[in-house]
Amino acid sequence: MRGQPMFILAEDTERTRGRDAQSSNIAAGKAVSNAVRTTLGPRGMDKMLVSDAGDVVITNDGATILEEMDIEHPAAQMIVEVATMQEEEVGDGTTTASVLAGELLAKAEDLLEDDVHPTAIVEGYNEAVRLALEAIDEQVLDEELDDELLQKVAKTSMTGKGTGDVGAGPLAETVVAAIRQVQTDEKVERDNIRVRTQVGSSSSATELVTGVISEEEPVHENMPRRVEDASIAVLDLDLEVREGGIDAEYNITSIDQLNEALEAEEGELRGYAEALKEAGVDVAFVTGDIDDRVASFLANNDILAFESVDDDEAQSIARATGAKQVGTVKDLDSADFGHADTVRVEKFGDDELAFIEGGAEAEAVTVFARGGTEHVADELERALNDALDVVTAALDKGGVVPGAGATEIAIADHIRDHAASITGRKQLAVEAFADAVDILPRTLAANAGMDPIDALVELRSTFEGEGRAGVIAVGQTGQVADPVEHGVIDPAAVKREAIQSATEAATMIVRIDDVIASN
Ligand code: ADP
Ligand code: MG
């Protein structure tokens, strides 16, 4: 083996090392973050995303934009993950987190050019995160989280999003009312709130339904459309002739045999309906298919039934009504049934929806949102889900802080104050982190039509004087003012998570100095 080169990688492996690897990763990460920058804040613009298949999504939501974009570069993909993580953890602040991650990368690149070692950058950034979290804690408002304050939080998360013609105000009221319905002493049962959108009306028709809404239509037109005090079965099965069963293997040679076979089938199908009837089911939600003949047996017996109910929906119905999901109609036990005050079917344009209200078990509620068109309804659904998440985060994860960039101004200031006491090159990284955080108020200002540098100067001096300064959008421009006075308030958890997830991704990318890609 001596003197022979040893190959451990396949021949077509592409390899980039050192600064080249860093630069290309950083450039990719920055590019992704730049792509969502213009959507930040109440004056952020929307993006229209068109898929290969021609599907169109119009949105202002950072996570949605990044998900819909077909991003392949692995480092860029990590920024997408920042947004996804942010969405999962707190439900809002996805643009904030990805813009910050991009800026942390940009600052890291400058540091690398000045020969600051990646390890020093990582350490400095982590130190800065600790300081930032301190600053966020200091910014948490010392006010009771009453409906009024929570509505402001909901509203802040919805401004700039497409909320149709109703505006964020009334929607925020609905959101907070929904949260109050599912709040227990310990926590908000966020999973008990669903958002259901229906096209065909203006968004001002959005309402809170104390129950679950199912998208499915009754399987037979002669079924009852309203059932009071309903016993509900949630079934995970098909009510059809079992395929491949003995019945299907008849070798039919005469009319009698054919009739016999058909009768056997009928018998099996009627058996399903009878089993439900005998067990005392009033309404059945079936995740599988229901044979037309079973449907008409059920209709004859005044049982309301739905088929192809999606799994999520079936679970919600089960949870709300106290039903157990059952996989067979043999030995149906009324103990497995759920109960609801009413199940009613309503017509909306061409669609029918089933409302299951007054469930016996959980306080399930549905925010029933209406939108003029599919695009409006979709964006409204995202906005409502974000708003529900932020109110939950405010209540369950440590309160609220001033929005509009004010908390970021305080974070940068706190970090700079403490940077001086940090020794070595790490200090440069800590300072760079503070500069990176400035990108958020700067971008809000730029998107509001202000000069970002002038705005930053004014924000800092107002902060020095009054302790709080954000970019408030007024008319066609923005002004520096106290966000709390203007009702612009974010959950503290959104800021904490954004700082942490952005730093995690940026430091991970900075640490990489060797990219080995197998083709
Ligand atoms: P993200 O995906 O990060 O939530 P958004 O586009 O929702 O991005 O923008 C969030 C930022 O906009 C937050 O800093 C928030 O405080 C700020 N913001 C929201 N409403 C207003 C408002 N009316 N005036 C000023 N800033 C606002
Ligand atoms: Mg937001």
Side-chain angles (χ1 to χ4, degrees), residues 33 35-47 59-67 79-80 82-87 89-103 136 139 141 151-163 167-169 172 379 382-391 393-394 400-411 437-450 455 459 468-475 477-499 501-502:
S33 121
V36 291
R37 201 137 122 188
T38 54
T39 69
L40 185 74
R43 290 281 180 272
M45 305 302 283
D46 294 348
K47 289 203 187 287
T59 184
N60 178 286
D61 187 69
T64 308
I65 294 169
L66 293 175
E67 264 161 36
I79 306 293
V80 180
V82 172
T84 313
M85 195 159 51
Q86 179 81 22
E87 180 74 31
E89 291 296 320
V90 283
D92 193 24
T94 54
T95 315
T96 300
S98 29
V99 167
L100 180 58
E103 195 64 10
I136 294 171
Q139 290 293 311
L141 299 187
Q151 280 167 18
K152 288 175 183 166
V153 180
K155 204 172 155 187
T156 300
S157 83
M158 288 188 287
T159 15
K161 299 258 171 354
T163 47
E379 182 71 343
R382 281 190 285 271
L384 285 166
N385 272 314
D386 278 6
L388 288 162
D389 289 340
V390 295
V391 175
V400 296
V401 292
T407 296
E408 288 81 357
I409 291 288
I411 292 171
V437 171
D438 282 342
I439 190 72
L440 297 164
R442 277 175 54 172
T443 305
L444 285 173
N447 290 352
M450 297 165 86
L459 282 163
R468 210 138 70 195
V471 178
I472 305 298
V474 246
T477 177
Q479 76 185 33
V480 170
D482 179 355
V484 178
E485 268 167 32
H486 288 81
V488 182
I489 295 165
D490 290 317
V494 168
K495 305 293 178 195
R496 291 194 193 101
E497 183 65 31
I499 293 274
S501 57

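In each ligand, atom 1 is the first atom listed, and ligand 1 is the first ligand listed.
Using a 4.0 Å cut-off between heavy atoms, Thr159 contacts ligand 1 through its side chain alone, with no backbone atom that close. Residue contacts with ligand 1 for Lys152 are absent, since no atom lies close enough (heavy atoms, distance under 4.0 Å).
Of the options Gly403, Ala448, Ala404, the smallest heavy-atom separation from atom 17 (C) of ligand 1 is shown by Ala404. For atom 1 (P) of ligand 1, the nearest non-hydrogen atom from the set Ala83, Ala498, Gly91, Gly93 belongs to Gly93.
With Gln479 contributing its side chain and Ile472 its backbone, the two residues share no donor-acceptor pair below 3.5 Å. Thr407 contributes a side-chain N or O that, together with a main-chain N or O of Pro402, makes up a donor-acceptor pair within less than 3.5 Å.
Under the 4.0 Å criterion applied to side-chain N and carboxylate O atoms, Glu408 and Lys495 are assigned as salt-bridge partners.
Counting the atoms of ligand 1 from 1 in the order shown, those under 4.0 Å from a heavy atom of Gly41 are 5 (P), 6 (O), 9 (O), 12 (O). Numbered from 1 in the order shown, with element, the atoms of ligand 1 that lie under 4.0 Å from a heavy atom of Thr39 read 6 (O). Atom numbering of ligand 1 starts at 1 in the shown order; those under 4.0 Å from a heavy atom of Leu444 are 12 (O).
Around the Mg ion (ligand 2), protein atoms of type N, O or S found under 2.8 Å number 1.
For ligand 1, none of its N or O atoms has an N or O atom of Leu40 under 3.5 Å away. The N/O atoms of Ser157, backbone and side chain alike, include none that comes under 3.5 Å of an N/O atom in ligand 1.
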